[in-house]
Structure formats: C-alpha cells, structure tokens
Number of protein chains: 2
Amino acid sequence: MGTPTARPEAELDDKDRAILRILQQDNKTPQRLIAEQVNLSAPAVQRRIARLESAGVIRGNIAVVDPAALGLGTSVMVEVHSASDRAVVLDGLKQQFRDAPEVQQCYHVGGNGGFIVIVHVQDIAAFDALARRLFSENELVYSFRSLVVLDPVKVSLAIEV
Amino acid sequence: MGTPTARPEAELDDKDRAILRILQQDNKTPQRLIAEQVNLSAPAVQRRIARLESAGVIRGNIAVVDPAALGLGTSVMVEVHSASDRAVVLDGLKQQFRDAPEVQQCYHVGGNGGFIVIVHVQDIAAFDALARRLFSENELVYSFRSLVVLDPVKVSLAIEV
DNA sequence: GCCTCTGACGCAGCAAAATTGCACGGAACG
DNA sequence: CGTTCCGTGCAATTTTGCTGCGTCAGAGGC
C-alpha cells in the first residue's frame, strides 16, 4: 500500500509508447502535433491519453521548477539508517519523510542502505538545521551519512518506454 | 556548464509562489482556477507563467509515468566511485550516465560518495546486465555499491516554494 | 462461411482553454 | 505635479481539447 499505484499490466502498443515519450518531455505539446508524429488523428491521441491516465500509467502532470531559481541552491543526499528494522520504526520514518517538505525524494533500500533521502535547502547552514531536526534528534534514526551534491548531472522522472 | 540553468536571482512574490505550488502538483490546472486561488485574473496568471518559463524558473512541463506500469518494476540506487578524480574521468562518467536511458537520475556528490545513480530496469537480471555494461566493465569506474529499492517512499521533483 | 459484437478510428462540430490587444491605475522618478 | 513604467482586468480572438456519430477491421459464436 506504500504506492497506490496502477494496474497489474496494461498492454501498450507502439503508439502509446510514442505518445508517452513525447509527454514525458513536454506534456503541453498539442495533441494535433502528437497526432502527426504518431500517425493518428488528434481525437485518437486524446482518447489514448485519457486511457493512459485513468489506467494509472500516467501518474500526473507537473511543472518542473529549478531549485536554484528559488534560492534552494544546496541539495544533499542522505543515507539514513534506522534504529531498528521493525515495521513500526520503518513506517514511522517513511511518514516523517513524506511529511517533510524539504524532502523531495525518499527510497527505502536493501543492502544495508536503509533510506536514501534527497533534500533541497538554501545552504549548508539550513541543511545543518534540518539534519538536526530530522535525523540527529530523531529517535528512529540510528545514524546517517550526508553527501552534498556537487553537480546534479541528470535530474528527471522520465523512464525508457 | 553542467546545468544550463536559469537566471541569477529572479524575484518572486507570493502570487508567483502560489502559482508554482499549484503547477508543481498539476500543470493542467486551468488558469481560471489558478486565478481564483491566487486572486488574479486568468490573463494575469497566464503572463506570470510565461514569465516564469522564460526566466527559467519553470524548467519544463512533463507527464510522470509509472515505471511499474511499463514493466520497469526494479529500481536501484548505485553509488559509483570513479577511478580517479581527474576532470576527464569525471566528465566522461557524467556523459555516460546522461546518455544511458536506464539512468533516470545522477548526482555527483562530495564526501567520498562519488556518483549516486538511480536506474530503472525490468528485473534483477536486467540490472545485472546493465551494471556489467555500465559499471563493472567500465574503466572509469573503480567500484560501486548497489542498493535495490524496496519501497519508493516519496518520488517527486517538487520543491518547497 | 456468415453474422454479430467489440474496439478503435477519423471527421465534424462544440465547448473550453489559452492568448492577445487595449485602456486603466498605482509606484518610482524627476 | 507630470511622466514613465509595470502589472492588471476586460473583452475579443485564436487555439486546443473534447464529444457524438458513422465506419471499419478483427474476434468469436453459430
């Protein structure tokens, strides 16, 4: 239930995939233009998109904003090790990370990695304050390792379709 | 030049931020509705969005698709340590990761972390093949640590505005 | 082999959304 | 106090998205 996700296995043909490729780059692309590239009519594209959305294949439509433009020039990846692997503890941590607006992404990983958390803050000082609140003073956290991002080489949510 | 990003410091007022908050959740929201929530007229919202886009604050508009729905049910975070810290090597690795479609995100981090890479693949076997090609057999890579994602607790590109 | 049913398509028309032109009002400046 | 500049709202236009309808091709039943 961690992810309220989509259907087991929708079957997508080449045109669906082509449409997804376009929308993952720019979902403001007019359906008419998509239609040309996919050899369909605009209404057909419209119907396919609607189907993909209600099937959960398309999970959302969002604007991507530049953190730097908002003064959030510092990104940090944090490897968080929980105090225990009991479900209560893990679930508690998940909830905390979900609720924290500075946390942009969070993954629970195996291989003794615990949680990988990506946060965006104004500067190192702000991160220090956040880390204190979210990790150091957190009873559910055993230890954590902070990796400051030097270069966001590639940032996206796109997947290969 | 790693990030062809935006202006030094655009000044955003409360309404800009409110608009960004909405668009980060759903950029298909009609400007009319945004206008209501922000106490502006629709054209005013339109002009502000246009300004935010050309200023680079809004970096793109994308559809988010569910990896699981596409058969990419396995996500792995990889901590990659480069063979050296020379610019040629680092730049080479960055380019390789940018070019690999399985790589969704990649960050160059300090603190001896090297690179953090997020990949999406079909299954563990596919990851093994990918890791061999991208890491094991890569002269620019010294070592790497694979952390399989058990639960994508929070996945987004949104930032607090 | 034929019929029917289902699903997807394109076309045409309609509704809704985005965009532009224009005139007004307030703030900064001289 | 007048001028300029920036952002706004209103109204009109253009573009886009959506829906109804008739057609067609393939799957399955008889």
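Numbered from 1 within each chain, the chains take letters A, B, ... in sequence-line order.
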J.: For residues 142-161 of chain A, pull every pair meeting ring-ring contact (aromatic ring centres under 6.0 Å, His included), keeping only residues two or more places apart or in separate chains.
T.: A:Phe135-A:Phe144
J.: Evaluate salt bridge (Lys or Arg N to Asp or Glu O under 4.0 Å) for B:Glu160 paired with B:Arg17, printing each intermediate quantity in order.
T.: CA-CA 9 Å; B:Glu160 197 185 9; B:Arg17 276 187 281 271; over 6 Å; no
J.: Should A:Arg51 be listed as having a side-chain N or O under 4.0 Å from OP1 or OP2 of C:dG7?
T.: no
J.: How many Å lie between CD on A:Glu11 and C1' on C:dA8, as a whole number?
T.: 14 Å
J.: C:dC11 C1' sits how many Å from A:Gln46 CD, rounded?
T.: 15 Å
J.: Are B:Gln95 and B:Asp99 linked by a side-chain donor-acceptor pair shorter than 3.5 Å?
T.: yes
J.: Which residues satisfy the ring-ring contact (aromatic ring centres under 6.0 Å, His included) test with B:Phe115, sequence neighbours excluded?
T.: B:Phe97, B:His108
J.: If you look only at pairs with a residue in residues 16-69 of chain A, which of them pass as a ring-ring contact (aromatic ring centres under 6.0 Å, His included), with sequence neighbours excluded?
T.: none
J.: Under the salt bridge (Lys or Arg N to Asp or Glu O under 4.0 Å) test, which residues partner B:Arg145, sequence neighbours left out?
T.: A:Glu79, B:Glu79
J.: B:Asp13 has an atom CG; how far is it from atom P of C:dA27, in whole Å?
T.: 15 Å
J.: Does A:Lys154 use its side chain to pair, donor to acceptor, with the backbone of B:Val103 at less than 3.5 Å?
T.: yes
J.: Taking only distance into account, with no hydrogens and no angle test, what donor-acceptor pairs under 3.5 Å do side-chain atoms of residues 122-130 of chain B form with protein atoms, sequence neighbours excluded?
T.:
residue, atom, partner, partner atom, Å
B:Asp123, OD1, B:Ala125, N, 3.2
B:Asp123, OD1, B:Ala126, N, 2.8
B:Asp128, OD2, B:Arg132, NH2, 3.2

J.: Can you list everything that forms a side chain to side chain contact (heavy atoms under 4.5 Å, CB included) with A:Gln96? Sequence neighbours excluded, please.
T.: A:Leu93, A:Asn138, A:Leu140
J.: Given that B:Leu40 and A:Ala42 both sit by DNA chain D, which one's nearest nucleotide is further toward the 5' end?
T.: B:Leu40
J.: Is there a donor in the side chain of B:Asp26 and an acceptor in the side chain of A:Asn61, or the other way round, less than 3.5 Å apart?
T.: no
J.: Report all interatomic pairs (protein N or O, nucleotide N or O of nucleotides 21-25 of chain C) with separations under 3.5 Å.
T.:
residue, atom, partner, partner atom, Å
C:dG21, O6, B:Arg47, NH2, 3.4

J.: Please give me every residue in residues 26-38 of chain A whose heavy atoms get under 4.0 Å of an atom in DNA chain C, ordered by residue number.
T.: none
J.: Shoot me the first and last contacting nucleotide of DNA chain D against chain A, ordered 5' to 3', at under 4.0 angstrom to non-hydrogen atoms.
T.: D:dT16 to D:dG20
J.: Figure out the CG/C1' separation between A:Leu12 and C:dG7, and round it to whole Å.
T.: 16 Å
J.: Between the two ends of the helix from C:dG1-D:dC30 to C:dG30-D:dC1, what is the bend in degrees, rounded to 10 degrees, where each end axis spans five pairs?
T.: 30°
J.: Can a side-chain donor-acceptor contact be found between A:His81 and A:Ser143 if the only test is distance below 3.5 angstrom?
T.: no
J.: Send over the distance from A:Lys15 NZ to C:dG7 C1', rounded to a whole Å.
T.: 15 Å
J.: In residues 41-49 of chain B, what donor-acceptor pairs under 3.5 Å come from side-chain atoms, sequence neighbours left out?
T.:
residue, atom, partner, partner atom, Å
B:Ser41, OG, B:Ala44, N, 3.4
B:Gln46, OE1, B:Gln31, NE2, 3.3
B:Arg48, NH1, B:Asp13, OD1, 2.9
B:Arg48, NH1, B:Asp13, OD2, 3.2
B:Arg48, NH1, B:Asp16, OD1, 3.0
B:Arg48, NH1, B:Asp16, OD2, 3.4
B:Arg48, NH2, B:Asp13, OD2, 3.1

J.: Mind checking what makes side chain to side chain contact (heavy atoms under 4.5 Å, CB included) contact with A:Asn112, not counting sequence neighbours?
T.: none
